K.L.:
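The structure under discussion is supplied below as structure tokens; questions concerning it will follow.
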Amino acid sequence: GGAAASLGLGGKGTPVIAGHEPCGVVVAKGSGVADRQAQVGQRVMNFHYNGCGVCHHCRQGWSQMCAEGATVYGFTGHGGHAPYMRVPANTLVSLPEPLSFVEGAAISCGAGTAYNALRRMGVRGGATLAVVGQGPVGLAATIFGAAMGALVFAVDIAPERLALARQLGAEETIHSATEDPVARLKELTHGLGVEFALDASGAPAGRVAAVRACRAWATACFVGEGKDVTLDVSRDILRKQLTIIGSWTFSITGQAEAARYVADNGISLE
């Protein structure tokens, strides 16, 4: 199970079972499923998208971008809020033995999204990283950023989230409801700005802060969904030689990589 929409509608307008980031144990498999695809008793996560399997995106493991349209388990296809869930064998991802089902569920959506974004940004040890928004995705980015050796500055409007971010590895926290996050981030970086900034808030103000807190030649990433943003293109982007990327969840191989990274580095997502 895990967080999901309370009720989705399937492709034919019929209700579907929610639950879009499940983990579990294989209890049965169809006659056409080979042992190397799945074995009874195997601990697995579910890549909660499935596409046509033959288009460019599907062949690269990005079936959520399927040219024919993807099934999203828990929203347009039956999900994990039930005793059993039937999925195609190609959507199974092995859950490393050290990881709990709770950790696997986190990796299967929010934490995996954060991991993929940081990898795409090229975050490295010793770099400065601002994470705007400390919900589940932002907190995971704080955990992973610290594990990768970055100096993480956590930004949020909620003091309790900032306190948790500090516990999970943030070097400094910034309460953006009471102080200017851009000014504070520049102060913490000797006036230069950060080398990497990730917006996980999805709020227009959060996106602006992430971009404007960046130094020249930096990289900003938008991962929070929805809404919009207004930027001064010359000042905020061009004349800083800024790279702005968007990152949407992860590939099925990226999910496996994130799980292995958590297991190999002894990171607790509980």
Side-chain angles (χ1 to χ4, degrees), residues 1-116 136 140 248-265 267-270:
S6 60
L7 180 67
L9 292 177
K12 297 181 180 179
T14 55
V16 299
I17 299 166
H20 76 283
E21 53 213 35
C23 293
V25 175
V26 175
V27 295
K29 62 180 185 176
S31 59
V33 179
D35 284 345
R36 62 193 180 93
Q37 290 180 290
Q39 296 185 22
V40 173
Q42 183 181 358
R43 300 170 75 249
V44 294
M45 301 176 285
N46 173 236
F47 185 66
H48 57 272
Y49 306 104
N50 193 38
C52 69
V54 296
C55 73
H56 176 73
H57 297 303
C58 284
R59 288 183 180 272
Q60 291 188 318
W62 292 90
S63 57
Q64 64 267 51
M65 299 173 68
C66 178
E68 301 298 320
T71 296
V72 184
Y73 296 111
F75 188 65
T76 59
H78 290 311
H81 289 339
Y84 299 97
M85 178 182 176
R86 185 177 63 180
V87 299
N90 66 288
T91 66
L92 297 182
V93 181
S94 182
L95 179 65
E97 198 58 44
L99 303 187
S100 69
F101 290 130
V102 170
E103 290 173 308
I107 291 164
S108 298
C109 197
T113 293
Y115 179 86
N116 182 71
W248 181 32
T249 59
F250 41 82
S251 67
I252 192 167
T253 55
Q255 181 174 344
E257 179 188 332
R260 179 49 56 193
Y261 184 86
V262 172
D264 287 351
N265 289 277
I267 297 169
S268 176
L269 294 180
E270 281 280 0

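If you read the sequence from its start, that first residue is 1, and numbering goes on from there. This structure is a prediction, so every number in the text was calculated from the model and none was measured.
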K.L.:
Taking side-chain hydrogen bond (donor to acceptor under 3.5 Å, both in side chains) as the test, write out the residues that go with Gln42, two or more places apart.
P.N.:
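Partners of Gln42 under the side-chain hydrogen bond (donor to acceptor under 3.5 Å, both in side chains) test: none.
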
K.L.:
Rounded to the nearest 0.5 Å, how far apart are CZ of Phe250 and OH of Tyr49?
P.N.:
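So the gap between those two atoms works out to 6.5 Å.
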
K.L.:
Verify side chain to side chain contact (heavy atoms under 4.5 Å, CB included) between Phe101 and Val25, making sure each step is shown before the conclusion.
P.N.:
CA-CA 10 Å; Phe101 290 130; Val25 175; 3.8 Å; yes

K.L.:
Using a 3.5 Å distance criterion without hydrogens, assess whether the side chain of His78 forms a donor-acceptor pair with backbone atoms of Ile17.
P.N.:
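Confirmed, His78 side chain pairs with Ile17 backbone.
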
K.L.:
Ser251: which residues meet the side-chain hydrogen bond (donor to acceptor under 3.5 Å, both in side chains) condition with it, sequence neighbours left out?
P.N.:
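Counting only residues at least two positions away or on another chain, Ser251 forms a side-chain hydrogen bond (donor to acceptor under 3.5 Å, both in side chains) with Thr253.
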
K.L.:
What heavy-atom pair brings Gln37 and Gly32 nearest, and what distance separates the two atoms?
P.N.:
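Smallest heavy-atom distance, with atoms named: OE1-O, 3.9 Å.
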
K.L.:
What's the shortest heavy-atom distance between Gly104 and Met45, and which atoms?
P.N.:
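Heavy atoms only, the tightest pair is O-SD, 3.6 Å.
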
K.L.:
Using every non-hydrogen atom in the two residues, find where Gly80 and Pro22 come nearest and quote the distance to one decimal.
P.N.:
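Distance-wise, the nearest heavy atoms are CA-CB, 4.1 Å.
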
K.L.:
Show me the donor-acceptor pairs, under 3.5 Å and distance only, between side chains in residues 91-98 and residues at least two apart or in other chains.
P.N.:
residue, atom, partner, partner atom, Å
Thr91, OG1, Asn46, ND2, 2.9
Thr91, OG1, Pro88, O, 2.8

K.L.:
I'd like a table of donor-acceptor pairs (distance under 3.5 Å, sequence neighbours excluded) in which one partner is a side-chain atom from residues 254-264, with atom names and distances.
P.N.:
residue, atom, partner, partner atom, Å
Gln255, NE2, Ser108, OG, 3.2
Glu257, OE2, Tyr115, OH, 2.7
Arg260, NH1, Asp264, OD1, 3.3

K.L.:
Quick test of your reading: applying side-chain hydrogen bond (donor to acceptor under 3.5 Å, both in side chains), list the pairs with at least one residue in residues 52-70, sequence neighbours left out, ordered by first then second residue.
P.N.:
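Matches after skipping sequence neighbours: His56-Gln60, Gln64-Thr249.
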
K.L.:
In Å, rounded to the nearest 0.5 Å, how long is the span from CD1 of Ile107 to CG of Leu269?
P.N.:
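Reported value, rounded in 0.5 Å steps: 5.5 Å.
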
K.L.:
Pairs in or reaching into residues 30-41: which pass salt bridge (Lys or Arg N to Asp or Glu O under 4.0 Å), with residues at least two apart or in two chains?
P.N.:
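Passing the test, one end in residues 30-41: Lys29-Asp35.
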
K.L.:
Please determine whether side chain to side chain contact (heavy atoms under 4.5 Å, CB included) holds for the pair Glu103 and Cys23, giving the CA-CA distance in whole Å, both sets of side-chain angles, and the decisive distance to 0.1 Å.
P.N.:
CA-CA 9 Å; Glu103 290 173 308; Cys23 293; over 6 Å; no

K.L.:
Is there a donor-acceptor pair under 3.5 Å between the side chain of Arg43 and the backbone N or O of Leu99?
P.N.:
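The answer is yes, because a donor-acceptor pair under 3.5 Å joins these two groups.
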
